[in-house]
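Each remark here refers to the structure printed beneath this line.
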Amino acid sequence: MPMDWHGRLAERRAAGLYRRRRTVSDGQSVSQIVDGRRLLTFCSNDYLGLAADPRLSETLRQAAKRYGVGSGAAHLINGHSVAHHALEEALADFVGAERALLFSTGYMANLGVLSALLKAGDTVIQDKLNHASLIDGARLSQARLKRYRHNDMASLQRALRNATGDMLIASDGVFSMDGDVAPIRQLQDLAEQNDALLMIDDAHGFGVLGEQGRGSVNAAAAQTPIYMATLGKAIGVAGAFVAGSSDLIEILIQDARSYVYTTAMPAALAEASCASLSILKQEQWRRDHLQDLIQYFRQEAARLALTIMPSSTPIQPVLLGEAETALAWSQALEQQGILVTAIRPPTVPKGQARLRITFSANHQTHHVERLLAALANCQKILSL
Ligand SMILES: *Cc1c(COP(=O)(O)O)cnc(C)c1O
């Protein structure tokens, strides 16, 4: 056998790093049937609780009547519909950019942006904890990839000092596994001082932070030439967009291979995203309620002496250390009817395995109370 798949899988299992899927038989909500069992869930990125909103389902149904299901072709052929165009205009307007461009997923948006803008000889400088898609985009671009210590501006400055070619700094706006926020104003200053471009991936900030949910750049009263966010998290649908100047968008339309060589997202989904955008702007209560849940959880988790992280966002990890420990806690929670996934290496650094708890505007205080009681039980059962 040329490749020992069986041995490779066995190694994974032995290291406590084996991943498996669960099968959900109903929609996204805080209470789901998972592998046939009803669980209270704290792991979705559906932060505003819109993924199963009946108004969006109805919009989707109506839009499918008009546009059908498939988009049939890429945007540059005949797959670009008025629904896509309207969503791009609404998104650009919302985040205060000249234009926006839709991608089918956030992963593809990041691959497309970095590989289109950078070439061999350029330097892309990234936070150590950036999302995998930004790292993969950098690799694909063939530019030199440098990584600075998480949110450490001195470390970023050192990386900038011996960079070559055109420079692009990329950072998550909200870090997906830690929940903390990037120092966006400082990133903007350093980028400007060094004549570098700044790109913020706001997958977890868009819809949640800033005025009416305009995102982490808006919350920081900053501006960035390249803003990327996804439509599968707070928006509750699927896809992603990049916002910036008209020239940036035109370059991406020409050269972003993950834009050019792929089928457009279904137009009906674009219309559902458009509907979600107007709901999330108007329904400030969703963000206010989320903040209340976050405050409450943090206060009570600190009382239990759990190791929480400096996060003010709906991502509230509980740090546990070894992969096996995180797995044991996750299993103990599941036995108590609660689903929180264990996040293990390589998604997070070795020794920093954790429970990644996320909150949704659909959670109620009593749900958080149940979670805290279950975590307290885990402490009793699992700490020797
Ligand atoms: C989820 C995520 C992505 C990928 O977006 P998809 O639409 O799920 O492909 C990119 N960046 C960050 C920071 C993310 O959390």
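Just follow the structure's listing: the first ligand is 1, and inside any ligand the first atom is 1.
Not a single heavy atom of Met108 sits under 4.0 Å from any atom of ligand 1.
Short contacts between ligand 1 and Asp201, defined as distances under 4.0 Å to a heavy atom of the residue, involve ligand atoms 10 (C), 11 (N), 12 (C), 13 (C). Atoms of ligand 1 found under 4.0 Å from any heavy atom of His204 (numbered from 1 in listed order, with element): 14 (C), 15 (O). Remark: ligand 1 atoms within the under-4.0 Å shell around heavy atoms of Gly106 are 4 (C), 5 (O), 6 (P), 7 (O), 9 (O).
Under the 3.5 Å distance criterion, with hydrogens and angles disregarded, no donor-acceptor pair is assigned to the side chains of Ser29 and Ser31. Looking only at atom types and distance, the side chain of His150 has a donor-acceptor partner in the side chain of Asp180 under 3.5 Å away.
A cation-pi geometry, defined here as NZ or CZ lying under 6.0 Å from the six-membered ring centre and within 45° of its normal, does not hold between Arg12 and Tyr18.
Residue contacts with ligand 1 for Asp172 involve side-chain atoms from C-beta outward but no N, CA, C or O (heavy atoms, distance under 4.0 Å). Residue Ser133 touches ligand 1 through its side chain alone, judged by heavy-atom distances below 4.0 Å.
Residues Gln212 and Gln284 approach most closely at CA-OE1, 4.1 Å, considering heavy atoms.
In the displayed structure, Arg257 atom CZ is contacted under 6.0 Å by at most 12 heavy atoms of other residues, nucleotides or ligands. When the shell of 6.0 Å around CH2 of Trp5 is examined, it contains 12 or fewer heavy atoms from other residues, nucleotides or ligands.
Nearest protein heavy-atom neighbour of atom 3 (C) of ligand 1: His131 CE1, 3.5 Å. When only non-hydrogen protein atoms are considered, atom 1 (C) of ligand 1 lies nearest to Lys233 NZ, 1.5 Å. Considering only non-hydrogen protein atoms, atom 9 (O) of ligand 1 sits nearest to Tyr107 N, 2.9 Å.
Under the 4.0 Å criterion applied to side-chain N and carboxylate O atoms, Arg99 and Glu250 are assigned as salt-bridge partners.
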